[in-house]
K.L.:
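So that we are looking at the same thing, I have put the structure below in structure tokens.
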Amino acid sequence: MNIEGKAYRTIWFENNSVKIIDQTKLPHQFIIKNLKTVKDTINAIKSMKVRGAPLIGATAAFGLVLSIIENKDHSFLKKSSEDLIASRPTAINLKWAVDRMMKKLSGVNNNDILKIALDEAKTIVEEDVKFCKNIGLNGLKIIEEIYNKKKDIVNILTHCNAGWLATIDWGTATSPIYHAHKKGIKVHVWVDETRPRNQGANLTSYELNEEGISNTIIADNTGGILMQRGQVDMCIVGTDRTLSNGDVANKIGTYLKALSAKDNNVPFYVALPSSTIDWSIKDSKDIPIEERDSTELSHIEGLDKNNKLQKILIYPQKSKVLNLAFDITPAKLVTGLITEKGVCEASEKSLKDLFK
Ligand code: MRU
């Protein structure tokens, strides 16, 4: 999608290095970074220079390519794959991409391994773009239906950033919105700020602005009253891991939005590519929930009056802080899953009918 009118993807391979947009600096600074080693990719994932389930999966795939460029020894590659999987625990796309790469590379000789790894990483990227585009076309039908009934602007609430910045292009939750906008359907997006890291305010609102889509940033607790007032027609969020029973792990605060949507009869959709489905875990209690550094909550970063990025403490110095990055929305609160293959119920049967 576009930044200042120029089309970008979030990640690409050039001159034996991986190029990314440093998402910790958006929206105030647009910086492209070079990742040259597997360690660079691990650090970029941990520090959230790249983030969002599909994008960290693609970054890990390229991380293995860099690992092979550094050292063709199989034990080095194996250690790289383990370190990449451990870099963030909740999004299943990370493990999915690493496992897929390692399967492709198993038994391959040293002369061919780099080419095969690079081809596979590029295939993962192209597939994600295609899947996200299709998620958009499938979700578009739902927005169109609401628009045809309402004959007025469709108000969509989203949480975190499940936009193109979280994927390679298009996004998951935002893809139906981009497609609706391109088709001339009037949409307006309520963007949850998404504390503590403000992915909604810093990334979702930023990317929607760049595409000319009307949006309003709201504090995370505002969605409830907007739904009570009839100012939200639907919610669309992304996910880091969806179980085969339809339970959804996503950015902390998603669950509360789903509860509020249920209470107010607002349809609550989750958009995802099939790489985000975890077919192995049966109970959502077994999903590892990432706990991040408390300073993400206690400190906040922004521009000072001299336009310089500054980080300041906003909490009492002695207070304890808990920073859980994700929560679980049970399938019973999800109206439907918007996937690359179509829209289905959040249930084992529907997911299996679509994918197995
Ligand atoms: O901690 P983040 O910013 O990586 O969390 C991202 C999300 O929760 C997204 O909603 C999810 O990864 C889906 S991205 C299409």
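Order of listing sets the numbers, starting from 1, for every ligand and every atom in it.
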K.L.:
Distance to 0.1 Å, residue and atom name: give those for the protein heavy atom nearest to atom 7 (C) of ligand 1.
P.N.:
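Among all protein heavy atoms, the one nearest atom 7 (C) of ligand 1 is D240 OD1, 3.3 Å.
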K.L.:
For atom 10 (O) of ligand 1, what is the closest protein heavy atom, and at what distance to 0.1 Å?
P.N.:
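That would be N250 OD1, 2.7 Å.
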K.L.:
Please state which part of A91 comes within less than 4.0 Å of ligand 1, counting heavy atoms only: side chain, backbone, both or neither.
P.N.:
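Within the 4.0 Å criterion, A91 makes no contact with ligand 1.
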K.L.:
Quick one: ring pair (Phe, Tyr, Trp, His ring centres under 6.0 Å) partners of H179, sequence neighbours excluded?
P.N.:
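Result, ring pair (Phe, Tyr, Trp, His ring centres under 6.0 Å) vs H179: W170.
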K.L.:
Within the 4.0 Å heavy-atom shell around A53, which atoms of ligand 1 are there?
P.N.:
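Within the 4.0 Å cut-off of A53, ligand 1 contributes 12 (O), 14 (S).
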K.L.:
Just heavy atoms, cut-off under 4.0 Å: does Q199 contact ligand 1 by side chain, backbone, both, or neither?
P.N.:
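Under 4.0 Å from ligand 1, Q199 contributes side-chain atoms alone.
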K.L.:
Does K251 make a cation-pi contact with F326, if we ask for NZ or CZ under 6.0 Å from the ring centre and within 45° of the axis?
P.N.:
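The answer is yes, since K251 meets both limits relative to F326.
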K.L.:
Does some non-hydrogen atom of A325 fall short of 4.0 Å from ligand 1?
P.N.:
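Contact check A325 vs ligand 1: negative.
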K.L.:
At less than 4.0 angstrom from any non-hydrogen atom of P54, what atoms of ligand 1 do you find?
P.N.:
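Contacts of ligand 1 toward P54, numbered from 1: 14 (S), 15 (C).
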K.L.:
So is H159 in contact with ligand 1, going by heavy-atom distances below 4.0 Å?
P.N.:
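Heavy atoms of H159 never come under 4.0 Å of ligand 1.
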K.L.:
Is the closest N or O pair between T167 and ligand 1 shorter than 3.5 Å?
P.N.:
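N/O-N/O distance under 3.5 Å: no.
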K.L.:
Can you find a non-hydrogen atom of E290 under 4.0 Å from ligand 1?
P.N.:
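E290 does not count as a contact of ligand 1 under the 4.0 Å cut-off.
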K.L.:
Once side-chain hydrogen bond (donor to acceptor under 3.5 Å, both in side chains) is applied, do any residues pair with T123, and if so which ones, sequence neighbours excluded?
P.N.:
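side-chain hydrogen bond (donor to acceptor under 3.5 Å, both in side chains) check on T123 returns nothing, list empty.
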K.L.:
Closer than 4.0 angstrom: is that true for some heavy atom of N161 and an atom of ligand 1?
P.N.:
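The answer is yes, since N161 has a heavy atom less than 4.0 Å from ligand 1.
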K.L.:
Check whether any N or O atom of T172, backbone or side chain, sits under 3.5 Å from an N or O atom of ligand 1, and answer yes or no.
P.N.:
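No.
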K.L.:
Specify the protein heavy atom at minimum distance from atom 14 (S) of ligand 1: its residue, its atom name, and the distance to 0.1 Å.
P.N.:
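It is A166 CB, 3.5 Å.
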K.L.:
How does R88 reach ligand 1, if at all, at less than 4.0 Å between non-hydrogen atoms: by side chain, backbone, both, or neither?
P.N.:
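Side chain only; the backbone of R88 stays clear of ligand 1.
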K.L.:
For G52, is at least one N or O under 3.5 Å away from an N or O on ligand 1?
P.N.:
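Yes, at least one N or O pair falls under 3.5 Å.
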K.L.:
As an exercise, identify every atom of ligand 1 less than 4.0 angstrom from a heavy atom of M48.
P.N.:
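Contacts of ligand 1 toward M48, numbered from 1: 1 (O), 2 (P), 3 (O).
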K.L.:
Starting from atom 5 (O) of ligand 1, what is the nearest protein heavy atom, named by residue and atom, and what distance separates them?
P.N.:
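Scanning the protein heavy atoms, the shortest distance from atom 5 (O) of ligand 1 goes to K251 CE, 3.4 Å.
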